[in-house]
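First listed ligand is number 1; within each ligand, the first listed atom is number 1. Every heavy atom of this structure was used, including side-chain atoms; hydrogens, water molecules and symmetry mates were not.
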Amino acid sequence: MAKFEECDYEVFWNTAMQNIRSKVSEAEWNMYFGEVQYHSNEGNTMKISVPSLFCQAEIRKRYLNELQDIMLDLSGQKIDVELVVERKDDAKKNFYRKSPVNTTAQIEKGDQSRKATTDSYPEIERRRFPRGDIQNSVSSQDDAAWRETSRLNEDYRFDSYVIGENNSFAANAAIAISRNPGTSYNPCLVYGGVGLGKTHLIQAIGNAAHERDKTLKIVYATAETFTDEFIQAIKNQKNHNFKNKYRSIDILLIDDIHFLQGKDATQEELFHTFNALYDAKKQLIFTCDRPVSELKQLKDRLRNRFERGLNVDLQPPNYETRFAILKRKLEQNGSNLSDGILELICKNITTNVRDLEAALLRLIAYSELVSKDITLEIAQNQLRDVFSVQRQGAVSIEHIQRAVADYFNVSPSDLKGKKRSKGIILPRQISMYIARNITEYSTTEIGLEFGGRDHSTVMHSCQRIESRIKTDSTLEPAIRNLIRTIQEME
Ligand code: ADP
Ligand code: MG
């Protein structure tokens, strides 16, 4: 009986999905439901696995009521839908185990269900052709040639990209683009500080799109390469080769466009390249180390092009995401380090993923060199200098209070004091909100720095700011500017 009910519920879910799919755009569908799967049911609760907290929150907000209504219609009883975040790897395990339609055997046969399956899990497609194994030498030569022309690094893939709260919007948009390049989110610009995963993410779009469709012309270039190539083309009077190359691409990825500041001729060329590709509905993807509005020496018409479409940011990962990234890197490396050591690294390296990775590699290299297991003490010693640099760069709550007080023309002691006038409450709440978002301090620690306030006051302040951001469009840019100022403070 239980089994029968389980099957029934999955049928309800599939029908509800068809219903929703018929009402939303392809892009919206891919963004929110592309990787959502039926999981199981217990009593009247149906569990659905979603790939990220972002998906969970958005589906809850946008579709949950409708889904419950459809379920009620279909089943004649109230079915609760519970959205469970399941990381991609876990989902994949379930997928192998329980999906009644898309089995790996069917994928091998290449039947109809295959497309849907590999859409959701491009890595399965790759597993079928492990490099240097089933692939014959001709196709691996093709692959090498493709790598050379596309300049994509095969290691930058979605399945090695850990999704957390800091990057889930950008990552979901990237996945949607790789499935439907040139349709929506065009152009897409990903911005964020050094080492936060911009290059990895946009190259993953290129790699995933290539896996889906080998005929697509995909080119990755840093803004610097693009500039050099352009200058060489002019010198060698091969302008039109350059134009031909860059204007006949299906997906163009240009990394680090802040490099183009002050390079007027290259900006002009990119402007025309942009227009040609955009008009032909080809996908354009860029990265930048800051929001485009903050770039100096950039021609307005190019700025305006970058700002079209989707601009998404990457934030530093929180503790859990940093830990998950380290775990993933260890797995990839086939190495072993205790969780205690990973915790030590995560606690001390908070600002960017590149540094996190570098610390890990240093320990792995050391353990290989001395052929012995790394203890917590060895790790501590080996990484002492790295940690101390991080601490110097870390933002203190005092810094935040100073910058916010300056900005609102109040005194830092007012922020810590008891005054409850309107002119003080907002800056105080903003300071707490920033402290919560860019430091590792807990709400209790933050409260202490604000005149010994309780952690619940800090949480309440953060919620107030979050809801104000939704209604006051000037607040978020102001906070972003403040954060930048704070991070640049000595
Ligand atoms: P950026 O281009 O923003 O400076 P990169 O894309 O070069 O950063 O990322 C730096 C390193 O951190 C790369 O090795 C990348 O694989 C890794 N990395 C960044 N973000 C993630 C993530 N979310 N999951 C796994 N690895 C990541
Ligand atoms: Mg980069």
Would you say the rings of Phe242 and Phe226 are close, in the sense that their centroids are separated by under 6.0 Å?
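For Phe226 and Phe242, the ring centres are under 6.0 Å apart.
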Between Phe33 and Tyr63, ring centroids under 6.0 Å:
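For Phe33 and Tyr63, the ring centres are under 6.0 Å apart.
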Taking [atom] as the reference point, the nearest protein heavy atom with its distance:
{"atom": "atom 24 (N) of ligand 1", "value": "Val162 N, 2.8 Å"}
{"atom": "atom 27 (C) of ligand 1", "value": "Val353 CG1, 3.6 Å"}
{"atom": "atom 16 (O) of ligand 1", "value": "His200 ND1, 2.7 Å"}
{"atom": "atom 21 (C) of ligand 1", "value": "Tyr161 CE1, 3.7 Å"}
{"atom": "atom 26 (N) of ligand 1", "value": "Lys329 NZ, 3.0 Å"}
{"atom": "atom 8 (O) of ligand 1", "value": "Gly197 N, 3.0 Å"}
{"atom": "atom 25 (C) of ligand 1", "value": "Ser160 O, 3.2 Å"}
{"atom": "atom 10 (C) of ligand 1", "value": "Arg354 NE, 3.7 Å"}

Basic-acidic side-chain contact under 4.0 Å: [X], [Y]:
{"X": "Asp264", "Y": "Lys299", "result": "yes"}
{"X": "Glu320", "Y": "Lys327", "result": "no"}
{"X": "Asp385", "Y": "Arg362", "result": "yes"}
{"X": "Asp250", "Y": "Lys217", "result": "no"}
{"X": "Arg247", "Y": "Glu269", "result": "yes"}
{"X": "Glu82", "Y": "Arg60", "result": "no"}
{"X": "Arg157", "Y": "Glu211", "result": "yes"}

Parallel, tilted or perpendicular: ring planes of Phe274 versus Phe306, cut at 30 and 60 degrees
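Because their plane-to-plane angle is over 60°, the rings of Phe274 and Phe306 count as perpendicular.
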Ligand 1 atoms in contact with Tyr156 (distance to a heavy atom under 4.0 Å)
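Under 4.0 Å from Tyr156, ligand 1 has these atoms: 16 (O).
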Which of the ligand 1 atoms, numbered from 1, are nearer than 4.0 Å to a heavy atom of Gly193:
3 (O)
Residue pair Arg151 / Thr225, side-chain heavy-atom distance below 4.5 Å:
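Yes, close enough: below the 4.5 Å cut-off.
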Residue portion contacting ligand 1 (non-hydrogen atoms closer than 4.0 Å) for Asn167
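Near ligand 1, Asn167 shows its side chain, while the N, CA, C and O stay back.
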Just heavy atoms, cut-off under 4.0 Å: does Thr199 contact ligand 1 by side chain, backbone, both, or neither?
both
Return yes or no for this condition: an N or O of [X] is under 3.5 Å from an N or O of ligand 1.
{"X": "Glu357", "result": "yes"}
{"X": "Ile325", "result": "no"}
{"X": "Lys198", "result": "yes"}
{"X": "Leu201", "result": "no"}
{"X": "Leu196", "result": "yes"}

Under 2.8 Å from the Mg ion (ligand 2), how many protein N/O/S atoms can be counted?
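My tally for this metal is 1.
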For Ser431 and Ile434, run side chain to side chain contact (heavy atoms under 4.5 Å, CB included): C-alpha distance rounded to whole Å, both residues' side-chain angles, the deciding distance at 0.1 Å, then the answer.
CA-CA 5 Å; Ser431 317; Ile434 293 180; 5.9 Å; no
Under a plain distance cut-off of 3.5 Å, with no hydrogens placed, do Asn304 and Arg301 share a side-chain donor-acceptor pair?
no
When you measure from the heavy atoms of Gly192 to every atom of ligand 1, does any distance fall below 4.0 Å?
no
Please say whether the positively charged group of Arg305, taken as NZ for Lys or CZ for Arg, lies over the ring of Phe286, i.e. under 6.0 angstrom from the six-membered ring centre and within 45 degrees of the axis.
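Geometry flag: not set, cation outside 6.0 Å or 45°.
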Report yes or no: is the cationic atom of Lys263 (NZ for Lys, CZ for Arg) under 6.0 Å from the centre of the six-membered ring of Phe259, at an angle within 45° of the ring normal?
yes
